[in-house]
Amino acid sequence: MSSAPGVPSTAAASSTAGAAPSRLPRAAVVGASGYAGGEALRLLAGHPGIEVATVTAHSSAGKRLSEVAPHIDLGRDPVLQETTVETLRGHDVVVLALPHGQSGQIAAALRAEDPDVLVLDLGADHRLESAEDWAEYYRSEHSGTWTYGMPELPLADGTRQRELLVGAREIAVPGCNATAVSLALAPLVRAGLLDATQLSAVLPVGPSGAGRSPKQHLLFSEISGAASAYAVGGTHRHIPEVLQNLRRASGREDVRLSFTPVLVPMSRGILAVITAPVSDSATTADLLETLRADYAEEHFVTVLEEGVFPSTGEVVGANTVRLGAATDRRSGQATVIAAIDNLVKGTAGAALQSLNLALGIPETTGLTRTAIAP
C-alpha cells in the first residue's frame with residue numbers, strides 16, 4: 001500500500017531523495033463506447049493512479065472518443081481502436097466490457113502472453129464456478145472461474161472476498177442485479193435470520209443494464225410510462241451467481257431464490273425488493289443490527305435506520321449500496337431493500353474497487369459515496 005491516501009504504490013515516489021517516480025500503470029478499456037465500458041472509462045479518467053492509454057470498440061472503431069462519449073474528458077481525444085490482442089498487448093491493466101461469450105478467448109490470449117497483466121472482465125464469462133450452471137443459463141462453453149470482484153461479500157469462514165482480490169490478476173466483475181441481492185441477503189442468510197429456501201426478489205431496473213445497442217423494447221416510446229417484467233420464471237442469468245454468493249457466504253447448499261427483474265423508465269438504477277419468511281421470530285431490529293454489524297467497516301455500504309428505506313435516486317453516480325429492512329409480524333415475512341447504481345456499484349465501480357485491491361492501491365481511490373441529485 002502507498003504511504004499517502006489515493007496514491008498507488010506502483011506510482012509512489014521513490015524513498016530515495018531526488019529519485020524520479022515510477023510510471024503509472026497503463027490501462028486499456030475494451031468496449032469503451034458501451035454503457036459499462038464508458039462508465040469504467042469515466043471512473044478511470046478521474047483515478048490519480050492509472051493512465052488510460054488505449055480505448056477500443058467494435059462498431060465505433062475509428063471514431064474519436066468525443067463522438068461516442070462526449071461526457072468523458074481524458075485530457076485528449078483518442079481514436080477508438082479495433083479490439084485485438086495486438087492492440088491490447090503491453091498494457092498493465094485491461095478492462096473488458098464485452099457481451100457474454102466474447103471475453104474468454106481474448107482474455108486467455110492476453111494472460112498467456114503476459115501473466116502479470118491484470119484483466120478485469122465486466123461481462124459474465126468468468127463469474128460462475130459451476131460449468132453446469134453456465135451451460136444451463138448461457139448455452140455455451142464455460143471459460144473458467146476467476147477471482148470474484150465483490151470485496152464486501154462476507155464468506156462462511158469469517159473472511160471477506162476482499163482478501164482474495166489482493167494481488168489477483170484475473171477478476172470477474174459481478175453482475176449488477178447479483179450485487180444488489182447478494183449484499184442485501186448475505187449477512188442475514190449467514191446469521192440464519194431468513195428462511196434461505198424461500199427467498200424472493202423483485203427488482204425494478206433501468207434499461208442501461210441491457211447495454212447501449214438499440215433494441216425495440218428499450219426505445220423511449222416503449223418504456224416511457226410503463227413497467228414490464230422480463231426473464232420471468234427463474235430464467236434470469238444472475239440467479240446462479242446470487243445462489244453461488246449466498247452459498248459461499250453461509251456454507252448452506254439449500255438456498256433457493258425466485259428472481260424477477262422489472263424494466264422501469266429510469267436510465268440507471270436498481271431497487272432490489274427482497275422478501276423471505278423470518279426465522280425464530282426475528283424482528284426488524286435484529287435484521288438491521290445484523291446488517292450493521294456485518295458491514296460496520298465497509299466504506300461503500302450504508303445501512304439505514306429503522307423505518308427508512310433507500311431510493312435509486314440516492315445512489316446515482318455513487319459506488320454505494322444503501323440497505324433498509326423490516327419485518328411484518330402478521331405475515332411472518334421480512335422485506336430487505338437494496339438500492340444501487342447499476343453502472344457504478346453494479347459494474348464499473350466494483351471493477352475499480354477490485355482493481356485498487358489487486359494493485360495495492362487504497363480501495364476507495366477514484367470512487368465516491370456521494371450521489372448526483374436531482
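Computation of the quantities below employed the complete heavy-atom set of this structure, encompassing side-chain atoms and omitting hydrogens, waters and symmetry-equivalent molecules. Numbering starts at 1 and runs along the sequence shown.
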Show me the pairs that pass ring pair (Phe, Tyr, Trp, His ring centres under 6.0 Å) and involve residues 245-265, at least two apart or across chains. H236-F259
Give a yes or no on this: more than 12 heavy atoms of other residues, nucleotides or ligands lie within 6.0 Å of atom CG of D280. no
Going by atom types only, do Q198 and D195 share a side-chain donor-acceptor pair under 3.5 Å? yes
Does the side chain of H47 come under 3.5 Å of the side chain of N356 through a donor N or O and an acceptor N or O? yes
Say whether T84 and E82, considering side chains only, have a donor N or O and an acceptor N or O under 3.5 Å apart. no
Can E241 and Y148 be counted as having a side-chain donor-acceptor contact under 3.5 angstrom? yes
Using the ring pair (Phe, Tyr, Trp, His ring centres under 6.0 Å) rule, collect all pairs that involve residues 78-113, keeping only residues at least two apart or in two chains. H100-Y138
Please indicate whether E314 has more than 12 foreign heavy atoms, meaning atoms of other residues, nucleotides or ligands, lying under 6.0 Å from its CD. yes
Side chains of D254 and T197: do they bring a donor and an acceptor to under 3.5 Å? no
Lys/Arg N to Asp/Glu carboxylate O, E129 vs R247, below 4.0 Å: no
Hey, are D92 and R23 close enough for a salt bridge, meaning a charged N less than 4.0 Å from a carboxylate O? yes
Any carboxylate oxygen within less than 4.0 angstrom of a Lys/Arg side-chain nitrogen, looking at E298 and R162? yes
Among side-chain atoms of W134 and S143, is any donor-acceptor pair under 3.5 angstrom? no
Taking the side chain from R160 and the backbone from E152, do they hold a donor-acceptor pair closer than 3.5 Å? yes
Is atom CD of E113 surrounded by more than 12 heavy atoms (other residues, nucleotides or ligands) closer than 6.0 Å? yes
Under the side chain to side chain donor-acceptor pair (under 3.5 Å) test, residues paired with T284 that sit two or more places apart: T327
Ignoring hydrogens and geometry, is there a side-chain-to-backbone donor-acceptor pair from T145 to L128 under 3.5 Å? yes
Inspect the contact between D121 and R127 and indicate whether a charged nitrogen and a carboxylate oxygen are less than 4.0 angstrom apart. no
If we only count heavy atoms from C-beta on, is the L183 to Y295 side-chain gap below 4.5 Å? yes
Can a donor-acceptor pair be found, under 3.5 Å and without considering hydrogens, that links the side chain of R26 to the backbone of V93? no
So for atom CZ, which belongs to R89, do other residues, nucleotides or ligands contribute more than 12 heavy atoms lying within a distance under 6.0 Å? yes
Quick check for you: to the nearest 0.5 Å, what is the distance between T312 atom OG1 and L271 atom CG? 6.5 Å
